[in-house]
Structures are given as C-alpha cells and as structure tokens.
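Following: one structure in structure tokens, then a few remarks.
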Amino acid sequence: IVAVEDDRTGTSLETLKRAIMDNLFYLQARFPSVASRNDFYMALSYTVRDRLLQRWISTAETYLQQGSRTVCYFSAEFLLGPHLGNNLINLGIRQEVEEAVNELGLDIEELLNQEEEPGLGNGGLGRLAACYLDSMATLEIPSFGYGIRYEFGIFDQEIRDGWQVEVTDRWLRYGNPWEIPRPEVRMPVKFGGHTRSYTDSDGHYRVIWDAHHVVEGVAYDTPILGYRVNTANTLRLWRAEAVESFDFQAFNTGNYYGAVRDKITSENITKVLYPNDEPLQGKELRLSQQYFFSSSSLQDMIRIYLQHNPDLSKFHQKFTVQLNDTHPAISVAELMRLLVDDHHLDWNTAWNVTQHTFAYTNHTLLPEALEKWPIALFQYLLPRHLEIIFEINQRFLDQVRLHYPGQSDPLARLSIIDESGERYVRMANLACVGSYAINGVAALHTELLKATVLHDFYQLYPERFSNKTNGVTPRRWVVLSNPGLTGLISEQIGDGWIKDLDQLGQLEPLANDHHFRACWGKTKHDNKVALAEHIQAKTGIIVDPNSLFDIQVKRIHEYKRQHLNVLHIITLYQQIKDNPHLDITPRTFIFGGKAAPGYFTAKLMIKLITAVGDVVNRDPDVAGRLKVVFLPDYNVTFGQRVYPAADLSEQISTAGLEASGTGNMKFSMNGALTIGTLDGANVEIREEVGAENFFLFGLTTPEVQALGAKGYQPWDYIQSNPQLKRVLDLIASGHFSHGDTNLFQPLLSGLWNQDKYYLMADYQSYIDCQQQVSQAYQNREQWLAMSILNTARMGKFSSDRSIQDYCRDIWHVSPVIIKLNG
Ligand SMILES: CCc1ccc([C@H](C)CC(=O)N[C@@H]2O[C@H](CO)[C@@H](O)[C@H](O)[C@H]2O)cc1
C-alpha cells in the first residue's frame with residue numbers, strides 16, 4: 001500500500017510539489033501560466049506555514065493543559081526579518097523544498113527575495129527581541145511576544161544625490177501569509193476623560209475612569225518556530241480599530257468625515273513605527289502606542305489566566321513580563337489599574353503582584369533617550385494612571401525616606417516624578433520601582449548603569465540588578481545567512497553547534513590546519529564575490545573581492561562615529577595623493593544604516609560618506625585601491641548578505657556609549673575580525689576571542705570620563721597632529737563637495753569646538769590600529785587563523801545563552817516539551 005502523505009504536513013518531493021500547486025490554486029486562485037512571482041511566493045509560504053501549524057497548535061494546547069509558567073516579552077519593536085527562509089531552516093526542510101521548487105521550474109532565491117520583510121523596529125533593541133523569540137522557542141520556553149502591528153514599519157531608505165530619502169514601508173501591500181488575524185481577540189483600551197471615585201456598598205474606595213474615547217486592540221498572531229523542536233510560540237501583535245468604525249447618524253446628516261472620524265483616529269495609533277533610535281520626541285501618539293499595546297497585552301494575559309485560576313493574587317506565579325526598555329513601562333501602572341479598579345484587589349496585594357510580575361531591561365545610557373513624559377500630557381491622556389503613579393510614588397518615597405532620613409536629594413533623584421521645571425513622569429524610575437529585576441545588556445553597560453543613571457536605585461535595591469549580555473541567534477545569522485560556512489563547520493564538527501554554540505570551540509585546532517584555512521578563506525571569498533555583485537547591481541560601483549572588506553553597518557549616530565571611519569578613509573586617500581606608488585592594502589569600505597528623519601547631523605554624515613565616495617572612487621591616483629560604498633536600506637535581509645562577507649567589523653563607538661552592540665557578534669561569528677574600542681560587548685568579545693585576535697584602539701570609559709572632567713579641548717589634538725588637520729582642512733576646502741565649503745561646516749565646527757564623542761582624541765590611535773589591520777591582512781595564513789579563532793570562540797554570544805541566563809536568574813521558568821498531537 002502506498003502511504004499517501006498528508007498534503008498539509010508531508011515533506012516528500014511529490015507531496016511538496018502537489019501542496020504548492022494546491023495552494024496556488026485554492027488560496028491564490030491562480031494557475032501557473034498567469035501566476036506572478038508573488039503568487040508562487042504566497043503558495044510556497046502557505047505550504048511551509050501548514051507544516052508548522054501542527055507544532056503551533058500542539059504548543060498552544062500543551063501550555064493551556066499544563067498551565068505552564070509563561071514569559072511575556074513586551075516590546076514596542078520586533079525586527080523579525082523575512083520568515084520563509086528562517087522557517088525552512090527551523091523546520092529542517094530547506095533541501096526538500098528547494099528540490100520541489102526547482103522541479104516546478106521556479107527559483108527558490110527569487111521566491112525568498114519576494115518576501116517583504118516586516119520592519120517593525122529601528123535597530124538593536126528590535127532585533128534583539130526577534131533573536132530572543134527564536135531562542136525562547138528553540139529552548140522550548142513557554143513564552144509570548146507582545147507588541148504592535150504597525151501598518152507601516154521602518155521607512156525604506158533611498159539615496160538620492162548622496163542624501164537619505166525616506167520612503168513609506170508598505171510591507172502589507174501584498175498581504176502577509178505569516179500572520180493569523182484573531183478578530184475575536186479584542187481588548188478595549190481607554191484614553192482621556194476623567195476619573196471619579198466613590199465608596200462601594202462594602203465600604204471600599206473605588207475609582208471609575210470615564211474615558212473620552214475607547215479604541216479596540218485586535219490581535220494578529222505570528223508563529224515563532226524553534227529550531228528542530230516541536231515548539232512554536234506565539235508573537236501577538238495588536239492593531240488598533242475603532243469600536244464604531246462607521247457612524248451612520250453622522251453619515252445620514254451628510255457629515256461623511258464625521259462618519260469615519262473615529263475609525264481614522266483610532267487606527268492612527270498603530271499606523272506607523274516611530275523611526276527614532278535614541279533621540280526622544282515626547283509625542284502624544286508615541287505614548288498612546290505604548291499604552292495601547294501594554295493595556296491590550298495585560299488584559300489578554302488576565303483573560304488567559306482567569307480561564308484557569310480565579311485568584312489574581314497569584315498572577316505573578318503564572319506570568320512574568322520582560323519590559324524591553326521603558327517603552328512598555330506604563331504597564332506597571334496599567335496592571336495596578338486592572339487589578340485594583342477592574343478586579344477589586346486591594347492596593348497592597350495588587351502591588352505585590354505587580355512588583356513580582358515585571359522585570360526591566362535598560363538598553364541605553366544616552367540621557368536624551370531616557371523617556372520622560374510631561375505630567376500635563378499624562379493628565380490629558382491617562383488621568384487614572386497619573387493618580388496611580390502618584391500613589392505608587394508616594395508609598396515608594398515613604399520607604400526611601402526611611403533609607404535616607406533628612407536627605408532630600410536622593411528622594412528628588414529617585415522620585416518617579418521629576419519636579420524640576422515642567423513636571424515629568426520618569427519612565428525608567430517607574431520601571432525600576434515596579435520591577436523585581438533590572439538588567440543591562442553587557443557587563444560594562446551594567447556596571448555603568450549601577451555607577452551612573454541608575455546609581456540611586458542600585459544603592460536601594462542592589463539585589464535586583466544583574467547583567468544579561470546580549471546574544472544573537474546562530475540560526476538566522478549563520479545557518480540561514482552563511483550556508484557555505486555552515487556546511488564547512490558541520491562537515492568538521494557535526495551540526496550540534498547550531499543549538500549549542502560552545503561546540504564551535506572544536507574548530508580551534510583547525511586554525512592551524514592549512515587545508516581547512518584554505519577552505520575557510522574560499523568560503524569568505526565566495527561571500528565577498530556575492531556581495532560585490534549585489535553592490536554593483538544596487539549602486540553600480542565595482543568593488544574588488546580581493547580587497548579588504550571593511551564594513552560598518554548600524555544606525556547612523558554620532559556616538560557610533562561613522563564619521564571617524566571617514567577620517568581614516570581620507571587619511572589613506574591623502575597618503576595615496578601624496579605618493580601614488582604607495583604600497584597600500586586595497587580596501588573596500590562598505591557603510592549601511594538609516595538616520596532618524598529628524599536627526600540632521602546623522603543625515604549629513606551619510607552625505608559625507610557618499611560625497612567622499614564619489615571623489616575617491618573616481619580618483620585616477622587611487623586607481624581602485626580604495627572604494628567607498630554606501631549601500632542603501634540597511635535592514636535584516638541586507639545584514640544577512642553583509643555579515644558573511646566582511647573581513648573587518650567596525651565597532652568604533654565612544655567608550656561608554658554603546659550599551660552592547662549585536663552586529664559586532666554577527667560579524668565575528670561569521671569570521672570577521674573586529675577593530676573596536678573597549679565599549680559594550682566589544683569588551684567581552686575581546687575577552688573570548690583573545691586580545692591577540694582583536695584590533696583594539698582608543699580611550700577607555702574611565703579615560704573618556706577623566707578627559708571630559710578635566711575639560712576636553714579637541715583643538716589641542718588637531719593643532720598637534722598635522723595629518724588630522726590636513727584631513728579636516730580637505731573636507732572644509734570643499735574637495736568632496738564640488739567646492740562648496742559650507743556643506744560640511746556643521747559637522748566640522750562640531751568637531752573643532754566640542755567634539756562631544758572624542759573623535760579627535762581617538763583619531764591617531766584609530767589610524768595606527770588600522771595600519772596594524774592592513775599589515776595583518778597581508779599575512780593571509782595568519783589572518784585566516786585569527787578569523788577561524790574568532791568564530792570558534794563566539795559560543796558565549798548565542799542568544800540561547802542569554803535566554804538561559806534570563807531563565808535561570810530572572811524568570812525562573814523551565815522548558816516544556818511539546819508532543820505533536822494528531
Ligand atoms: C524613544 C526613542 C528610542 C527608541 C529606541 C531606543 C533603543 C533603546 C535604542 C536601541 O536600540 N538601543 C540598542 O539596544 C541594543 C540591544 O540591547 C544594544 O545592543 C545597543 O548597544 C543599543 O544602542 C531608545 C530610544
């Protein structure tokens with residue numbers, strides 16, 4: 001008897017081919033000859049989705065049955081990246097599907113590139129959330145991701161005449177096969193209005209919130225499949241809908257706008273992601289977005305909880321919530337409101353539940369990124385929460401007063417309310433007061449948190465503080481991005497490393513193996529050739545894959561110092577102009593990154609990069625030995641192309657300012673060597689790979705602080721360094737701006753006068769270090785050995801290790817093994 005495989009779950013060649021064609025027919029209502037590439041992409045995606053649904057449903061069922069303790073990851077951003085390729089890897093059916101697609105006369109790469117990536121995040125914070133979802137599922141941890149389903153994600157970036165231009169990201173225009181709408185999961189979210197209090201029949205003090213308007217949060221679920229496990233967790237993203245999407249009365253009176261006003265204003269809440277990656281803009285809509293998803297998520301958790309437990313005083317034993325920075329910190333006040341006002345718990349019980357539910361992760365030390373909201377805005381938008389925050393703060397300060405008898409300063413600093421000048425609600429303080437655990441994202445960052453911005457809280461609650469160094473998922477960032485390297489590694493040590501990254505250590509001895517080094521080098525070269533083709537296709541610039549690929553990709557920000565990188569390029573350029581026969585290591589400088597639309601200096605930095613590129617790339621003296629490329633629209637798909645092709649990873653932020661960095665980990669895992677400062681996770685990468693395999697330069701954090709304290713004069717460094725002066729003068733001369741001496745004035749005067757990020761102080765050390773890099777690159781065997789050792793020693797930086805740390809030290813949650821039913 002020929003066993004006929006189930007069309008929905010079978011993975012044999014014939015079954016897959018039939019399933020793809022069935023989905024093209026029954027879901028896309030298309031037959032092959034008229035079907036578009038998107039039709040085939042959709043048909044394939046549904047075919048793959050079918051094969052993870054069984055896991056998804058079995059997982060949900062098991063969690064319900066077992067009532068497992070569950071982690072909820074609250075994040076305003078999830079930078080997921082394209083799903084199809086990742087799900088093929090995690091299901092372990094990449095080969096089978098590629099064969100089926102080929103037999104149908106289609107090209108899997110084309111179909112993979114058809115997917116619009118869900119750009120529901122800005123940068124590091126959003127991508128970390130996505131890596132953590134992958135690891136929580138792979139480690140079989142019962143968990144939910146909760147966030148916002150923005151209709152428009154991070155803008156698409158185009159470069160026109162060297163300048164960034166933002167283009168709306170209509171990622172949903174062709175539909176999204178990876179989400180399941182849950183129209184019945186709707187949560188009412190109130191805004192504005194007033195509160196009134198009364199004493200109820202049992203003499204309890206009760207508060208009613210008469211809201212100005214109500215918006216409904218509607219759930220959209222995306223399966224998050226683990227790697228080679230049966231677990232598929234859920235990412236629940238909320239979309240805002242009007243309670244009444246059409247007002248017939250208004251319509252009948254001919255007030256057509258009135259008829260849809262509610263619909264428009266409500267839906268505006270989840271219309272678009274705020275494209276800022278550090279600088280704060282106290283916009284009302286931003287606070288509305290934060291409250292909207294925090295409230296919808298907490299209401300949903302209480303709904304799920306009450307299905308099995310009537311007693312909410314034990315809510316924190318079932319659920320724990322990780323606050324991804326302060327963006328969801330309003331949740332602390334919202335859980336109190338839900339427990340006290342809606343479920344009539346007494347204040348102390350509710351506070352005990354709240355404090356044992358939340359844990360807070362800080363991702364930045366930049367003062368301008370620490371969120372604080374004007375009291376007036378709170379009064380207007382969230383009047384009941386303001387009352388609750390005042391009550392929380394009063395009770396908190398009563399405690400603090402015991403700790404600091406007669407001292408007002410610590411109280412003023414610790415208070416959730418900033419009383420100086422216009423009054424604000426400090427969201428980091430609310431998060432710290434309302435959480436049982438507080439962590440930074442790299443060892444240095446956590447120490448700086450304890451010593452600076454959260455020092456007072458550390459004094460008060462030292463036991464709550466811990467470090468949780470970031471990590472990245474090796475599934476997307478090695479297996480999916482770098483199949484060549486994956487094959488080479490697994491050939492040598494098996495594929496256990498994909499779920500246990502410390503096994504990469506077994507590669508160490510091979511660093512001394514000439515043949516393995518050659519294979520390693522070839523893999524890297526093949527990736528560089530592929531990237532070179534992509535660069536030519538996207539920008540028309542021809543780059544030499546034999547040159548050193550020196551890459552800096554991350555959000556554009558002065559503290560990340562992309563402009564210091566440019567100073568190095570101009571230094572090399574001048575050396576060549578001075579002596580065209582100079583023996584220089586040919587380099588290709590590749591940049592990528594978006595600037596927040598309102599961040600003028602960052603946009604000018606992009607223009608500087610493209611302007612210098614235009615001149616250097618065409619200069620006959622340079623003769624192609626230096627190439628400068630700004631590759632537009634840096635996103636997850638872009639990252640998957642660029643990390644495997646790098647020789648040198650630029651991690652050159654001012655010491656003390658990059659909380660961790662995660663690109664640094666992705667580069668090193670793919671065999672790139674790092675040039676960097678002792679900042680963020682660079683410190684730990686250097687510890688793991690060995691100082692001899694890391695190109696270190698620049699001031700340390702204490703040195704930066706000391707220089708700042710004693711009064712930093714950037715001009716002193718320029719005066720005493722002719723090479724540096726010549727570089728700045730060349731920019732000022734208009735050499736890179738068609739003679740326009742004004743264009744880069746704002747950048748130059750910032751460096752001459754203030755140089756807030758110590759570029760002048762670090763310039764010479766950086767240049768000297770880059771010289772060492774060029775020399776090292778000349779010694780191919782040595783470079784390959786260093787590259788192999790970098791990858792071999794990256795075990796610590798798997799997001800699986802990070803999540804295991806959170807489970808052990810903060811969440812106290814254990815894996816639940818899923819058995820597939822039916
Ligand atoms: C209010 C606007 C705003 C938006 C996003 C943010 C994020 C915290 C910025 C961010 O992405 N931080 C990065 O987080 C990464 C993950 O932990 C770290 O690796 C980076 O060092 C940090 O800059 C701050 C302020």
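All ligand and atom numbering here is 1-based and tracks the order in the structure. All figures in this text were calculated on a predicted structure; none of them were measured in a lab.
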Centre-to-centre under 6.0 Å for Phe152 and Tyr150, is that the case here? no
Using a 3.5 Å cut-off on N or O atoms only, is Leu125 in polar contact with ligand 1? yes
Which atoms of ligand 1 sit under 4.0 Å from any heavy atom of Asn470? 16 (C), 17 (O), 18 (C), 19 (O)
Which atoms from ligand 1 have a heavy atom of Val441 less than 4.0 Å away? 17 (O)
Only residue of Tyr766, Tyr712, Tyr763 satisfying ring pair (Phe, Tyr, Trp, His ring centres under 6.0 Å) with Tyr758 is Tyr712
Using a strict 4.0 Å threshold on nitrogen-to-oxygen distance, state whether Lys756 and Glu558 make a salt bridge. no
Taking both backbone and side-chain atoms of His363, is any N or O found less than 3.5 Å from an N or O belonging to ligand 1? yes
Answer yes when Asp633 and Lys594 have at least one side-chain N-carboxylate O distance shorter than 4.0 Å, and no when they do not. yes
Can you list the atoms of ligand 1 that are under 4.0 Å from a heavy atom of Arg286? 1 (C), 2 (C)
Phe638 and Tyr634 aromatic ring geometry - parallel, tilted or perpendicular at 30°/60° bounds: perpendicular
Regarding ligand 1, does Ser660 bring an N or O atom to under 3.5 Å of one of the ligand's N or O atoms? yes
As an exercise, identify every atom of ligand 1 less than 4.0 angstrom from a heavy atom of Ala659. 21 (O)
Does NZ or CZ of Arg149 lie under 6.0 Å from the centre of the six-membered ring of Tyr220, at an angle within 45° of the ring axis? yes
Test of understanding: given a 4.0 Å heavy-atom threshold, classify the contact between Asp325 and ligand 1 as side chain, backbone, both, or neither. side chain
For Arg170, does the CZ atom have more than 12 heavy-atom neighbours from other residues, nucleotides or ligands under 6.0 Å away? no
Can you sort out which atoms of ligand 1 are near Tyr559, meaning under 4.0 Å from one of its heavy atoms? 23 (O)
Can you list the ligand 1 atoms lying under 4.0 Å from a non-hydrogen atom of Gly661? 18 (C), 19 (O), 20 (C), 21 (O)
Does Arg127 come within less than 4.0 angstrom of ligand 1, counting non-hydrogen atoms of the residue? no
Which pair of non-hydrogen atoms, one from Leu430 and one from Val332, has the smallest distance, and what is that distance? CD1-CG1, 4.0 Å
If we number the atoms of ligand 1 from 1 as shown, the ones under 4.0 Å from a heavy atom of Glu658 are 20 (C), 21 (O), 22 (C), 23 (O)
